[in-house]
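To start, the structure under review is shown below, and the notes come after it.
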Amino acid sequence: MQDKTRCVTRVPVSVEGFDSLTVPLYRASTIRYPDARSFMSRFERGADDYIYGLYGTPTHRYLEKKITELEGGARTLLAPSGQAAITCSILGVVETGDRVLIPDAVYGPVRDFAEHELVALGIETVFYDPCDLQALEKELETKTRLVWVESPGSVTMEMQDVPAIVRMAHAKGSLVGCDNTWASPLNFKPLEHGADIVVEALSKHFGGHSDLLMGSITVRDEQLGLDLKAVLGRLGIGTSPDDCVLVARGIDTLAVRLAHSAAGALKIAKWLQEQPLIEAVLHPELPGFSGHELWRRDFSGAAGVFSFTLHPEAMVHIPPALDALELISIGASWGGTKSLIAPVDVKSLRTAKPWTGAEFILRLSVGMEAADDLVADLDRFLGVVRKNVSSNGEAEAMDHEVPEAAK
Ligand SMILES: *Cc1c(COP(=O)(O)O)cnc(C)c1O
């Protein structure tokens with residue numbers, strides 16, 4: 001055998017006795033078959049057998065199984081992003097002529113998908129007020145194939161009564177899909193509350209380090225799982241095993257990271273509530289928040305992500321003041337080790353119930369830093385807003401109520 005041939009032939013290496021503490025990384029497009037007959041009958045293999053890299057390696061199986069266990073489901077499928085997990089879940093169950101109900105506070109790009117691809121496919125989307133069960137019930141009819149829920153809602157944090165929605169939807173023969181990214185299965189298990197599909201944006205808490213994109217779809221019914229697996233395969237949706245290893249590593253510390261950021265977020269939320277410039281703090285764990293009772297009833301914990309708004313006179317001063325932050329970065333996404341803040345304009349993203357609150361909302365994702373350091377950073381930000389509000393106030397309107405400095 002020449003060296004150039006030797007370079008590409010596989011050498012047998014035993015894995016006997018190699019029981020790694022970590023998740024083994026298997027990279028592969030191709031699986032070798034022992035003989036022609038087994039290759040020719042490969043599509044008769046079971047859903048967990050190995051056919052081709054796109055349909056999963058042992059590394060994928062590990063992550064799928066781990067998430068299935070955490071969600072309490074029958075089967076998990078992986079998608080290249082949380083957004084892909086949502087769109088594939090929807091595409092996998094709806095047909096032309098069907099209706100899909102989507103909450104008004106849904107993750108923004110899902111609205112975009114509904115307004116483009118679903119429209120093009122002749123699938124009707126109705127956006128509903130996430131907190132109005134009666135309005136939702138009126139929209140449920142036999143051709144409603146799927147009710148999507150996301151609790152709490154993106155940015156505005158509305159809590160949904162998932163068990164009640166499941167009862168109503170199932171009574172009309174509709175499936176229920178839940179975006180559970182905020183809670184993660186450690187704090188809420190939608191399948192145990194009757195949902196048929198649960199999606200996690202693994203890019204957030206699971207990955208946990210802002211360095212990957214992935215999503216998961218977990219289902220309660222094995223047949224639905226097999227059907228969706230076939231859909232993802234036909235669409236060519238696959239994920240990198242390298243990223244699966246990173247998500248699996250993230251899961252090792254998921255519980256402690258969630259607990260740390262949730263505790264920090266609550267401390268910061270309570271501090272914000274006391275600051276005169278703050279109009280509202282939108283966080284399900286706060287007793288005064290509208291969805292607090294639902295959160296207490298159904299969830300076993302919170303996450304480190306919440307939103308807040310400032311009084312109208314402060315609004316114009318927010319963008320330059322955000323630049324004063326030293327520790328908290330300005331950016332989208334959340335659930336990583338480093339704290340993030342994002343100013344979000346939700347007005348154009350609400351159609352069922354017009355948004356009448358603040359012009360834009362600040363969403364904060366609390367990372368692994370000490371909460372006191374983050375409070376000091378936010379105090380720096382509010383200090384700049386305060387300074388600009390009062391100099392504006394003096395210059396423009398003497399009768400304008402200017403909030404007192406916090407300290
Ligand atoms: C970020 C996010 C998604 C999408 O996840 P990507 O992996 O970034 O596509 C979906 N739902 C919610 C609630 C999110 O916050």
Side-chain angles (χ1 to χ4, degrees), residues 63 67 71 76-91 100 102-114 117 127 130 146 148-160 162 176-188 190 195 197-218 232 235 237-240 243-244 246-247 250-251 254 258 261-262 265 282-284 291 295 299 302-307 331-336 338-344 346 349-350 361-367:
L63 183 57
I67 296 172
E71 300 280 10
T76 294
L77 307 156
L78 301 173
S81 66
Q83 173 73 356
I86 297 168
T87 59
C88 289
S89 303
I90 298 175
L91 288 176
V100 179
I102 293 182
D104 223 16
V106 74
Y107 174 65
V110 176
R111 175 183 292 272
D112 224 17
F113 163 75
E117 282 67 31
F127 292 98
L146 177 68
W148 196 254
V149 299
E150 183 185 329
S151 180
S154 278
V155 188
T156 39
M157 308 298 289
E158 294 91 339
M159 289 296 300
Q160 295 196 266
V162 176
V176 175
C178 179
D179 182 337
N180 195 45
T181 303
W182 185 84
S184 94
L186 299 193
N187 288 325
F188 183 56
I197 301 169
V198 57
V199 162
E200 309 286 345
L202 304 175
S203 322
K204 309 286 169 61
H205 293 131
F206 277 73
H209 294 74
S210 315
D211 56 1
L212 62 90
L213 290 161
M214 204 185 293
S216 64
I217 306 166
T218 307
L232 265 69
L235 289 173
I237 299 290
T239 53
S240 157
D243 289 345
C244 291
L246 291 177
V247 174
I251 294 176
L254 179 58
L258 268 176
S261 15
L282 313 172
H283 187 339
W295 173 80
F299 286 43
V305 179
F306 69 96
S307 303
S333 197
W334 43 265
K338 296 164 177 63
S339 292
L340 289 172
I341 197 162
V344 189
V346 298
L349 299 174
R350 299 290 181 275
I361 299 174
L362 291 167
R363 182 187 58 203
L364 184 67
S365 170
V366 175

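What you are looking at is a predicted structure, and each value in this text was computed from that prediction instead of being measured. Read the numbers this way: they start at 1 and go in the same order the structure lists the ligands and their atoms.
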- Message: Does only the side chain of Ser203 get under 4.0 Å from ligand 1, or the backbone, or both, or neither? Count heavy atoms.
- Response: side chain

When you compare the side chain of [Y] with that of [X], does any pair of heavy atoms fall below 4.5 Å?
{"X": "Leu202", "Y": "Ile67", "value": "yes"}
{"X": "Leu212", "Y": "Phe206", "value": "no"}
{"X": "Leu282", "Y": "Glu158", "value": "no"}
{"X": "Thr156", "Y": "Ser307", "value": "no"}

- Decide if the gap between the ring center of Trp334 and the ring center of His205 is smaller than 6.0 angstrom. yes

- Numbering as shown, the atoms of ligand 1 that approach Ser81 to under 4.0 Å (heavy-atom distance): 7 (O), 9 (O)

- Contact atoms of ligand 1, heavy-atom distance to Gly82 under 4.0 Å: 4 (C), 5 (O), 6 (P), 7 (O), 9 (O)

- Query: Within less than 4.0 angstrom of ligand 1, does Leu202 place any heavy atom?
  - Reply: no

- Item | Any Trp334 heavy atom less than 4.0 Å to ligand 1 | yes

- Item | Nearest-option assignment for atom 11 (N) of ligand 1, heavy atoms, candidates Val199, Val305, Asp179, Thr181 | Asp179

- Item | Option with minimal heavy-atom separation from atom 13 (C) of ligand 1, where the choices are Glu150, Glu200, Arg363, Met214 | Glu150

- Message: Starting from atom 9 (O) of ligand 1, what is the nearest protein heavy atom, named by residue and atom, and what distance separates them?
- Response: Gln83 N, 2.8 Å

- Task: Do me a favour and list the nearest non-hydrogen protein atom to atom 2 (C) of ligand 1 with residue, atom name and distance?
- Result: Lys204 NZ, 2.4 Å

- Trp182 vs Phe299 aromatic rings, parallel, tilted or perpendicular, using cut-offs 30° and 60°? tilted

- Message: So, taking the atom named CG in Leu349 and the one named OH in Tyr107, what distance separates them when rounded to the nearest 0.5 Å?
- Response: 11.5 Å

